[in-house]
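Let me begin by presenting the structure, written as structure tokens, before commenting on it.
Just so you know, these numbers use all the heavy atoms, side chains as well, and skip hydrogens, waters and symmetry mates.
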Amino acid sequence: MLKFIKEYIRNKTLRNKSVQTNATFVNLRDIRSIGFLYNISSPNFLEELKNIAVFLDKQGILYWGLAIETKKGFLPQMETADDMPDFLRELEENQISFVERLHLDWLGIPNSEKIDNFLKRDFDLFISLNNTGDFTLEYIIRDVKAKLIVGMQNIPGSRYTLVLEGENKATLGYTDYLQQVFHYLHVIKSNKAI
């Protein structure tokens with residue numbers, strides 16, 4: 001019963017937070033900044049994030065990422081910035097910020113300076129690496145400022161301009177997904193508002 005009530009409140013919260021998107025299709029050559037959102041929900045998160053960073057570095061475009069721990073136990077507890085392990089510090093130097101689960105309330109609504117700073121940026125391209133329809137990530141996406149927002153799933157009420165799913169709605173690996181996003185952006189010829 002509690003899970004049903006929580007889901008009801010979450011759905012109502014997302015509906016109330018709905019925003020109109022003035023979408024623009026952007027060709028790859030016009031992209032100067034990329035933002036992405038990643039859900040830390042598996043023990044492989046470090047390897048996945050390193051692969052994402054390597055892929056984006058090869059594109060030669062400035063990027064900023066936000067990795068959110070939506071389930072406890074994947075990030076080490078960090079009371080201060082000095083407590084951050086070297087492997088996370090290395091990724092943060094590559095513009096990927098980490099937000100621990102303790103910065104989310106019981107519903108999953110975030111309260112973090114890192115998220116606030118991330119949302120102040122304007123992106124040419126924003127990529128959601130939310131392949132589970134996670135509430136916290138969808139909540140954050142509602143406040144993103146970007147010309148083009150790309151998602152992994154067609155989620156009702158989402159702000160996605162473009163959704164790329166695998167064949168038969170299969171979930172693509174993150175690197176395969178990014179390759180598909182960049183392939184489509186390369187093909188797009190127009191930058192007119194839709």
Side-chain angles (χ1 to χ4, degrees), residues 19 21-42 44-70 74-75 78 81 84-100 103 110 112-132 134 136-153 158-165 171-188 191:
V19 237
T21 302
N22 296 325
T24 303
F25 280 110
V26 183
N27 184 284
L28 186 56
R29 71 177 171 272
D30 298 324
I31 293 176
R32 303 287 176 254
S33 63
I34 298 172
F36 72 87
L37 194 55
Y38 176 86
N39 185 0
I40 300 174
S41 60
S42 91
N44 301 330
F45 81 91
L46 186 59
E47 183 180 332
E48 290 171 347
L49 280 171
K50 284 181 180 178
N51 290 339
I52 291 166
V54 166
F55 179 86
L56 292 173
D57 283 337
K58 287 180 182 177
Q59 305 308 311
I61 301 171
L62 290 175
Y63 67 88
W64 292 269
L66 189 58
I68 312 257
E69 180 188 36
T70 56
F74 293 107
L75 285 178
M78 299 174 281
M84 183 178 286
D86 290 339
F87 64 89
L88 293 182
R89 192 180 320 278
E90 178 185 322
L91 284 169
E92 283 224 343
E93 288 170 3
N94 282 325
Q95 306 298 346
I96 300 174
S97 297
F98 294 89
V99 177
E100 299 165 276
H103 294 286
S112 166
E113 188 177 323
K114 288 181 180 180
I115 294 173
D116 294 341
N117 291 337
F118 182 80
L119 291 173
K120 289 177 184 173
R121 297 186 182 280
D122 289 318
F123 301 107
D124 293 323
L125 170 64
F126 184 83
I127 303 170
S128 169
L129 298 171
N130 182 10
N131 61 8
T132 61
D134 183 80
T136 301
L137 276 64
E138 289 302 313
Y139 185 90
I140 293 169
I141 290 167
R142 300 285 198 278
D143 290 329
V144 165
K145 293 178 278 198
K147 293 179 184 174
L148 178 66
I149 302 174
V150 181
M152 293 183 92
Q153 295 181 335
S158 69
R159 293 191 55 211
Y160 302 132
T161 312
L162 179 64
V163 175
L164 297 175
E165 294 178 328
T171 303
L172 297 170
Y174 294 118
T175 305
D176 291 338
Y177 176 68
L178 290 172
Q179 288 172 344
Q180 291 297 316
V181 168
F182 279 82
H183 168 76
Y184 279 97
L185 292 176
H186 181 73
V187 172
I188 292 172
N191 62 357

Could you go through Y160 and S128, starting from their C-alpha distance and side-chain angles, then the distance that decides it, and tell me whether this counts as side chain to side chain donor-acceptor pair (under 3.5 Å)? CA-CA 9 Å; Y160 302 132; S128 169; 3.2 Å; yes
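- The aromatic ring centroids of F55 and F182 lie less than 6.0 Å from each other.
- The distance from the CD1 atom of I61 to the CG atom of L56 is 8.0 Å, given to the nearest 0.5 Å.
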Could you check L178 against I127 for side-chain contact (heavy atoms from CB on, under 4.5 Å), going step by step and ending with a plain yes or no? CA-CA 8 Å; L178 290 172; I127 303 170; 3.7 Å; yes
Side chain to side chain donor-acceptor pair (under 3.5 Å) between D57 and Y63: does it pass, once the steps are laid out? CA-CA 8 Å; D57 283 337; Y63 67 88; 3.1 Å; yes
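- Looking at L129 and N131, their side chains never come closer than 4.5 Å, going by heavy atoms from C-beta outward.
- When atom types are taken as modelled, the side chain of K145 and the backbone of K120 share a donor-acceptor pair closer than 3.5 angstrom.
- Put simply, the side chain of L137 reaches to within 4.5 Å of the side chain of I68, judged on heavy atoms.
- Residues L66 and I115 have side chains in contact (heavy-atom distance under 4.5 Å, counting atoms from C-beta outward).
- Nearest heavy-atom pair across E100 and E69 is CA-OE1, 3.5 Å.
- For Y174 and Y38, the ring centers sit closer than 6.0 Å to each other.
- Among T132, N39, T136, the single residue meeting the side chain to side chain donor-acceptor pair (under 3.5 Å) criterion with T70 is N39.
- Here the side chain of K114 pairs a donor or acceptor atom with the backbone of F98 at under 3.5 angstrom.
- Here the closest heavy-atom approach between residue F123 and residue S33 is recorded as CA-OG, 3.4 Å.
- The structure places CG of L162 at 10.5 Å from CD of Q180, a figure rounded to the nearest 0.5 Å.
- Remark: of the listed residues Y177, F36, Y184, Y177 is the sole one forming a side-chain contact (heavy atoms from CB on, under 4.5 Å) with V150.
- Residues V99 and P110 form no side-chain contact, since every pair of their non-hydrogen atoms from C-beta on lies 4.5 Å or further apart.
- To the nearest 0.5 angstrom, D176 atom CG is 12.5 Å from L164 atom CG.
- Between atom CD of residue E113 and atom OG of residue S97 there is a gap of 10.5 Å, rounded to the nearest 0.5 Å.
- Side chain of N44 to main chain of E47: no donor-acceptor pair is present (N/O by atom type, distance under 3.5 Å, no hydrogens or angles).
- Residues N130 and E138 come closest through the heavy atom pair ND2-OE2, 3.1 Å.
- Screening D124, I34, I31, T161 against L148 for a side-chain contact (heavy atoms from CB on, under 4.5 Å) leaves a single residue, T161.
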